Amino acid sequence: MSYDFKKIEKKWQKIWDDKKVFQAENNSDKPKFYALVEFPYPSGQGLHVGHPRPYTALDIVARKKRMQGYNVLYPMGWDAFGLPTENYAIKTGIHPREVTKRNVAHFKSQLKALGYSFDWSREINTTDPEYYKWTQWIFIQLYKHGLAYKKEFPINFCTNCKVGLANEEVVNGVCEKCGGEVVRKVKNQWMLKITDYAQKLLDDLDTVDYIERVKTSQKNWIGRSEGALIDFPITGTDDFITVYTTRPDTIYGSTYMVVSPEHPIIDKYEHRLKNMDEIRAYKQEAIKKSDFERTEIIKEKTGVKLEGLTAINPISKKEIPVYTSDYVLMTYGTGAIMAVPAHDQRDYEFAKIFNIPIVEVISGGNIEVEAYTDSMNGVAINSPLIEGLKGKDAINHMIEILEERGIGQRKVNYRLRDWVFSRQRYWGEPIPMVYCEHCGWVPVPEEELPIELPDVENYKPADDGESPLANMPQWYNTKCPVCGAEAKRETDTMPQWAGSSWYYLRYTDPDNNEVLAGKDALDYWMNVDWYNGGMEHTTLHLLYSRFWHKFLYDIGVVNTPEPYAKRTSHGMILGDNNEKMSKSRGNVVNPDDVVDEYGADTLRTYEMFIGDFEKAAPWNENGVKGCKRFLDRVYNLTELVADGKGYTPELETYIHQTIKKVTDDIDSMKFNTAIAALMKLANYYYEAKKITKDDIRTFIILLNPMAPHVTEEIWQMMGFEGMLNETSWPVYDISKTVNDTIEIPIQINGKLRAKIVVDKEADADELKAAVFANDVVKKLTDGKMIAKQIYVPGRVYNIVVK
RNA sequence: GCGGAUAUGGCGGAAUUGGCAGACGCGCCAGAUUUAGGAUCUGGUACUGUAAAGUGUGUAGGUUCAAAUCCUAUUAUCCGCACCA
C-alpha cells in the first residue's frame with residue numbers, strides 16, 4: 001500500500017511552521033551548530049533539481065544535530081541582485097524589484113514543499129535596502145582603510161551586456177553570462193585590494209577544514225611564487241628594465257629580454273627606436289585582442305625587436321637585444337622578462353623563431369630538442385658565480401649576489417589580482433561614494449545609508465557602457481558631504497559577489513538596525529561550522545568572502561579570522577543521458593513534478609541515495625521509484641509491529657551496528673550508504689515478518705533526517721510521545737555492535753577456500769583447531785608443507801602451503 | 001602545457017582504508033497474486049563452464065602470505081587554470 005504523501009507532507013509542514021520548531025535561539029545553554037548552504041539566486045526558472053541535493057544534505061545534518069542536543073542555525077535567503085533579473089526587466093519593462101519578489105515567492109514555496117528545517121524567521125535578501133545598507137557600510141570601511149580605490153584599468157568589456165567583467169567572468173574568451181564577445185577597454189573602475197590579503201588568505205587555509213580540492217583551487221588562484229626582481233641596465237643610459245624571475249640561477253643564460261607590448265619603456269624610448277612603426281602596429285594588434293585571444297594563439301610566438309635599444313645582462317655583462325611580444329603580460333610581475341631560452345619552453349620557441357643564441361646554463365637536459373626546465377635536479381654550468389650549485393642553493397646564492405651588488409632583490413609574487421568591483425549596471429548595490437571637484441572621492445556619511453536604488457525609466461546601460469543611473473541627474477546630483485559644494489554620486493553598482501561576501505554574518509542577527517550583526521550574536525554563532533556549496537564557487541565566492549571576513553576581523557567587527565570552519569562540495573545532478581541538464585538538451589527534470597508524483601520525502605531520499613555526494617550523478621527515474629518503494633515499505637512496517645521486546649542477540653547487534661553506521665555516515669557525508677543500511681535493516685524486518693515497537697521507534701528516528709514527513713507520521717500513528725523531531729538521537733553501545741560469533745574466511749595461498757564460524761572470544765589455539773577441523777582445509781593441506789600461517793583477528797586466516 | 005580528480009557487473013554505486021570484490025538500489029529472469037496491465041510479495045542475477053573449477057576492479061609490470069586499495073609505467077574521460085616568467 002502506498003501512503004498518502006500529499007496529505008502527510010502538507011500536514012507536517014504546517015505543524016512545524018506553526019510550532020516554529022526549527023527556530024534557532026540566540027541565547028541557549030545548548031552547544032551551537034551553524035550549518036550553511038549557499039543561498040540561491042532566485043531565477044525565473046524556479047528551483048532546479050540540483051538545488052535540493054546540498055540543501056537536503058545539510059538539512060539531514062541539521063536535523064540530526066538538533067536531535068543530538070544542539071542549538072542549530074540552518075538559515076536560508078536570497079542572493080537576488082544579478083543580471084538575469086535585470087535582463088528580464090529590460091525585456092519586459094517590469095521592475096527588477098517586482099521580478100525578484102515573484103521569483104523569491106516561487107522559490108520559497110518550492111523549498112517549503114521539500115520540508116527543510118530552515119529557520120525562516122531569519123530569511124534575508126541581498127536586494128533589501130535594510131540588508132544592502134550593510135554591504136555599502138562594509139565598502140565604506142574598505143575605502144577608509146585604503147582597500148578600495150579607483151583606477152584606470154584595462155577591463156574585459158562585454159560588447160553584448162555592455163558591462164565590464166572581472167577576469168573570472170570571462171570564460172573561453174566570451175562573457176560567462178551571455179556568451180557575447182569580450183574586448184579590452186580602459187575604464188575608471190573601483191577596485192578592491194584583495195592582493196593585500198593574498199598571504200593571509202593562503203596561510204590560513206592551514207587552519208580550516210576544507211576538502212582538499214577546494215584548498216588546492218584556492219592556492220592555485222592565489223598563485224604564490226618566489227623569485228627575484230632584477231635590474232637590467234639599458235645600454236647608454238642610467239635607466240634599466242626591471243624583470244621578475246623565479247629562476248635567477250639561470251641568469252647567465254639570459255640572451256635577450258622581452259617586454260609586454262603595453263610596457264612604458266616603449267613610449268619612453270620612442271626617439272631611439274628605429275622601427276617604431278612596426279612596433280606601434282604590433283602593439284595596436286595586441287591591445288585589440290582580448291586576453292583570451294592573446295593566450296589562445298599558442299601555436300607560434302610573435303614579436304618585434306626593439307631596434308636601437310639593447311640591455312646589459314648585469315651578471316654576464318653581455319649586451320643583449322630587447323623584444324616586445326604579447327606572450328609577456330603587463331598584468332603579471334613587471335611586464336618584462338629576462339628570457340632564458342635554454343630553460344624556459346616559451347623563450348625557447350621564441351628564440352628559435354628569431355634566431356637568438358640558446359646558452360645552456362643548467363646541465364641535465366638536451367637543449368637541442370627542448371628547453372630543460374627542471375629547477376631541482378640540474379647543476380649550474382657556464383655560470384662562474386654559482387658553478388656546480390643545484391636547485392634552491394643555486395637560486396638563493398644568486399639572489400644573495402644580486403642583493404649584495406644592489407641589482408636585484410628577493411620577491412614574492414602572486415597571480416591574484418585586485419578585484420574589479422564596479423559594474424555599469426542598474427540591479428546592484430549603489431557604490432556609496434560621492435565625487436566632489438574640491439575634495440575628490442568622499443564616502444557617503446554612514447548615517448545616510450542605505451543609498452537606495454532609484455526607480456528608472458530604462459534599465460538598459462547606455463551605449464557608452466555607463467550605468468542607467470548615469471542618466472538620472474536628479475539622483476546623482478548631490479552635495480559634497482565634506483565641503484557642501486555641488487557633487488555627483490558614483491553611478492556604478494557593485495558586482496553580484498558583494499552581497500554574498502558577508503551574508504552568513506547577517507543570519508546571526510538579521511533584524512539589527514545598529515550594526516551588521518550584534519557582537520553577542522557573532523560571538524555566539526561564528527564560525528560557520530559546516531558550509532556546503534558548489535565547486536563553481538570554490539575559487540571566487542569563497543576567496544572574496546574570506547577576504548571580507550578577514551578585513552572585518554582586522555577592524556574588530558568579527559571575532560574570528562576565518563568565516564567557515566569546514567567547507568564541502570556537492571556533485572552536479574546530470575540528466576538521464578549523463579549530460580549536464582539544459583533546456584537545449586531536453587533532459588531537465590523539474591523538482592515540482594517529482595514532488596507531485598512521488599512526494600518530497602522520496603525526492604530527498606533519492607537525491608541522497610543517488611551516489612557519492614561529492615560526485616556528479618545522472619538522474620534516473622527508476623531510482624526515484626525504488627526510493628518511493630522503500631518509503632512505502634517503511635510505512636507498511638507498521639502492520640508488522642508486534643508487542644514485546646523479543647530481541648534476538650543477532651538482531652540487537654544489527655540495530656546497534658545500523659545506529660553506528662547511520663550516525664557516522666551522516667557526519668562523513670556518506671548519505672548513500674546510510675540509506676543503504678536502513679534499506680537492509682528494513683529488508684531484515686520483512687524477512688522476520690515482525691518488528692517490535694522499540695525497533696520501529698529507533699528505525700524511524702534514524703530515517704527521519706532523510707524523510708522527515710513520513711517518519712513523523714509513523715511516529716504519531718504509533719502513539720509515541722511528542723514530536724519525532726524533538727526526540728533524542730539514538731545512542732549505540734559499541735560493545736553491542738559485535739556479534740557473539742564471527743565468521744572467519746580461510747584462505748589457502750591467498751585464495752578463499754572456506755569459512756568457519758567461531759566464538760568472538762576464541763583464542764588462537766581454539767581458532768587454529770577449528771580451522772584445521774574444516775574438511776576443505778584438511779583436503780587442501782593434507783600431506784603438504786605448511787610454510788606460514790597468518791591470522792588477522794576477526795578478518796581472515798591465511799595458510800601458505802607448498 | 002600545468003594542476004586536480006576519476007576508471008569496479010547491463011546501469012547508479014559499495015568495500016571497515018592492504019584482509020571474503022560487487023553491499024544497497026535500478027534493470028533483467030523465474031514464481032506467487034491479479035480477468036489483464038500496473039502495483040505488491042518471494043527467489044535468482046559479475047563472467048566462462050552442465051559441473052569440478054577457473055577468470056575478474058581501464059592497460060602492462062612490480063611489492064606482499066594477501067592488492068580495487070601501495071609502487072612504476074601507460075591509456076582514456078571529466079574538471080579547473082591556462083604564455084604567471
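Each chain gets a letter, A, B and so on, in the order the sequences are listed, and its residues count up from 1. Since the structure is predicted, the reported quantities are computational estimates derived from the model, not experimental observations.
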Sequence neighbours left out, what passes side-chain hydrogen bond (donor to acceptor under 3.5 Å, both in side chains) with A/Asp667? Give chain and number order.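 Here the qualifying residues are A/Lys64.
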Could you pull out all residues at least two apart from A/Tyr797 that satisfy side-chain hydrogen bond (donor to acceptor under 3.5 Å, both in side chains)?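 Partners of A/Tyr797 under the side-chain hydrogen bond (donor to acceptor under 3.5 Å, both in side chains) test: A/Gln789.
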Atom [atom1] of [X] and atom [atom2] of [N]: how far apart are they, to the nearest Å?
{"X": "A/Phe671", "N": "B/G13", "atom1": "CZ", "atom2": "P", "value": "17 Å"}
{"X": "A/Leu416", "N": "B/C81", "atom1": "CG", "atom2": "C1'", "value": "14 Å"}
{"X": "A/Asp612", "N": "B/A68", "atom1": "CG", "atom2": "P", "value": "20 Å"}
{"X": "A/Arg415", "N": "B/C83", "atom1": "CZ", "atom2": "P", "value": "8 Å"}
{"X": "A/Tyr654", "N": "B/A23", "atom1": "OH", "atom2": "P", "value": "13 Å"}
{"X": "A/Arg417", "N": "B/A82", "atom1": "CZ", "atom2": "C1'", "value": "11 Å"}
{"X": "A/Ile790", "N": "B/G18", "atom1": "CD1", "atom2": "P", "value": "17 Å"}
{"X": "A/Tyr332", "N": "B/C81", "atom1": "OH", "atom2": "P", "value": "17 Å"}

Writing each nucleotide of RNA chain B 5' to 3' as (, ), [, ], | or . by Watson-Crick or G-U pairing under 3.5 Å yields (((((((..(((......[....)))((((((.......))))))(((....)))..(((((..]....))))))))))))....
Say we look at [N] and [M]: how far apart would their [atom1] atoms be, to the nearest angstrom?
{"N": "B/C26", "M": "B/U33", "atom1": "P", "answer": "23 Å"}
{"N": "B/C47", "M": "B/G10", "atom1": "C1'", "answer": "12 Å"}
{"N": "B/G44", "M": "B/G9", "atom1": "C1'", "answer": "15 Å"}
{"N": "B/C2", "M": "B/A14", "atom1": "C1'", "answer": "34 Å"}
{"N": "B/A60", "M": "B/G12", "atom1": "P", "answer": "22 Å"}
{"N": "B/U72", "M": "B/U6", "atom1": "P", "answer": "16 Å"}
{"N": "B/A46", "M": "B/A21", "atom1": "P", "answer": "14 Å"}
{"N": "B/C11", "M": "B/A32", "atom1": "P", "answer": "31 Å"}

Worksheet item: Mind checking what makes salt bridge (charged side-chain N to carboxylate O under 4.0 Å, His left out) contact with A/Asp596, not counting sequence neighbours?
Response: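 Expected list: A/Lys6.
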Pairs under 3.5 angstrom, nitrogen or oxygen only, protein versus nucleotides 15-17 of chain B, please.
{"residue": "B/A15", "atom": "OP1", "partner": "A/Lys670", "partner atom": "NZ", "Å": "3.3"}
{"residue": "B/U16", "atom": "O2", "partner": "A/Arg795", "partner atom": "NH1", "Å": "3.4"}

Distance-only side-chain donor-acceptor flag, [X] / [Y], under 3.5 Å:
{"X": "A/Gln345", "Y": "A/Tyr372", "result": "no"}
{"X": "A/Ser225", "Y": "A/Tyr332", "result": "yes"}
{"X": "A/Glu614", "Y": "A/His570", "result": "no"}
{"X": "A/Asp347", "Y": "A/Tyr327", "result": "yes"}

Protein-nucleotides 2-12 of chain B N/O pairs under 3.5 Å:
{"residue": "B/G12", "atom": "O2'", "partner": "A/Ile610", "partner atom": "O", "Å": "2.7"}

* **Contacts of A/Lys736 that satisfy side chain to side chain contact (heavy atoms under 4.5 Å, CB included) - sequence neighbours left out** =>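 With sequence neighbours excluded, A/Lys736 shows a side chain to side chain contact (heavy atoms under 4.5 Å, CB included) to A/Glu652, A/His656, A/Asp733, given in chain and number order.
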Which residues satisfy the side chain to side chain contact (heavy atoms under 4.5 Å, CB included) test with A/Ser316, sequence neighbours excluded?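 With neighbours one apart ignored, the set is A/Tyr252, A/Asn313, A/Lys318.
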Is any N or O donor-acceptor pair between the side chain of A/Lys625 and the base of B/C26 shorter than 3.5 Å?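 No, no donor-acceptor pair under 3.5 Å.
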Checklist entry - Is there a donor N/O on one and an acceptor N/O on the other, under 3.5 Å, for the side chain of A/Asn798 and the base of B/C65? => result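 In this structure, the two groups form a donor-acceptor pair.
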For residues 659-683 of chain A, which residue pairs qualify under ring pair (Phe, Tyr, Trp, His ring centres under 6.0 Å), counting only residues two or more places apart or in two chains?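 Pairs touching residues 659-683 of chain A that pass the test: A/Phe613-A/Phe671.
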Open item on the list: Can you tell me if A/Asn683 touches the phosphate of B/G25, counting only side-chain N or O atoms and a distance under 4.0 Å to OP1 or OP2?
Closed with: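 A/Asn683 to B/G25 OP1/OP2: side-chain N or O found under 4.0 Å.
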Among B/U42, B/A85, B/C24, the one nearest A/Tyr686 by side-chain distance =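 The nucleotide sitting nearest to the side chain is B/U42.
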| field | Counterpart residues, ring-ring contact (aromatic ring centres under 6.0 Å, His included), relative to A/Tyr197 (two or more places apart) | value |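 In terms of ring-ring contact (aromatic ring centres under 6.0 Å, His included), with neighbours along the sequence ignored, A/Tyr197 is linked to A/Phe547.
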inquiry  = Checking A/Phe772 now: which residues fulfil ring-ring contact (aromatic ring centres under 6.0 Å, His included) with it, not counting sequence neighbours?
reply    =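 Testing A/Phe772 for ring-ring contact (aromatic ring centres under 6.0 Å, His included), a comparison that skips the adjacent residues, returns none.
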(message) I want to verify the glycosidic state of B/U17; is it syn or anti under the 90° rule?
(response)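 You should classify B/U17 as syn.
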Report task. Tell me whether B/G56 sits syn or anti, counting syn as a glycosidic angle within 90° of 0. Result ->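 Glycosidic conformation of B/G56: anti.
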### Query
When you measure from the centre of the six-membered ring of A/Tyr323, is the NZ or CZ of A/Lys301 under 6.0 Å away and within 45° of the axis?
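No, cation not above the ring by the 6.0 Å, 45° rule.
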Practice task
Could you check which residues of residues 746-755 of chain A get a heavy atom under 4.0 Å from RNA chain B? Sort them by number, please.
Solution key: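 Those residues are A/Gln747, A/Lys751, A/Arg753, A/Lys755.
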* Where does the angle between the aromatic ring planes of A/Phe354 and A/Phe350 fall among parallel (under 30°), tilted (30 to 60°) and perpendicular (over 60°)? ->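 Parallel: the ring planes of A/Phe354 and A/Phe350 meet at under 30°.
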Testing A/Arg546, A/Arg213, A/Arg567 one by one against A/Gln218 for a side chain to side chain donor-acceptor pair (under 3.5 Å), which residue passes?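 One option only clears the test, and that one is A/Arg546.
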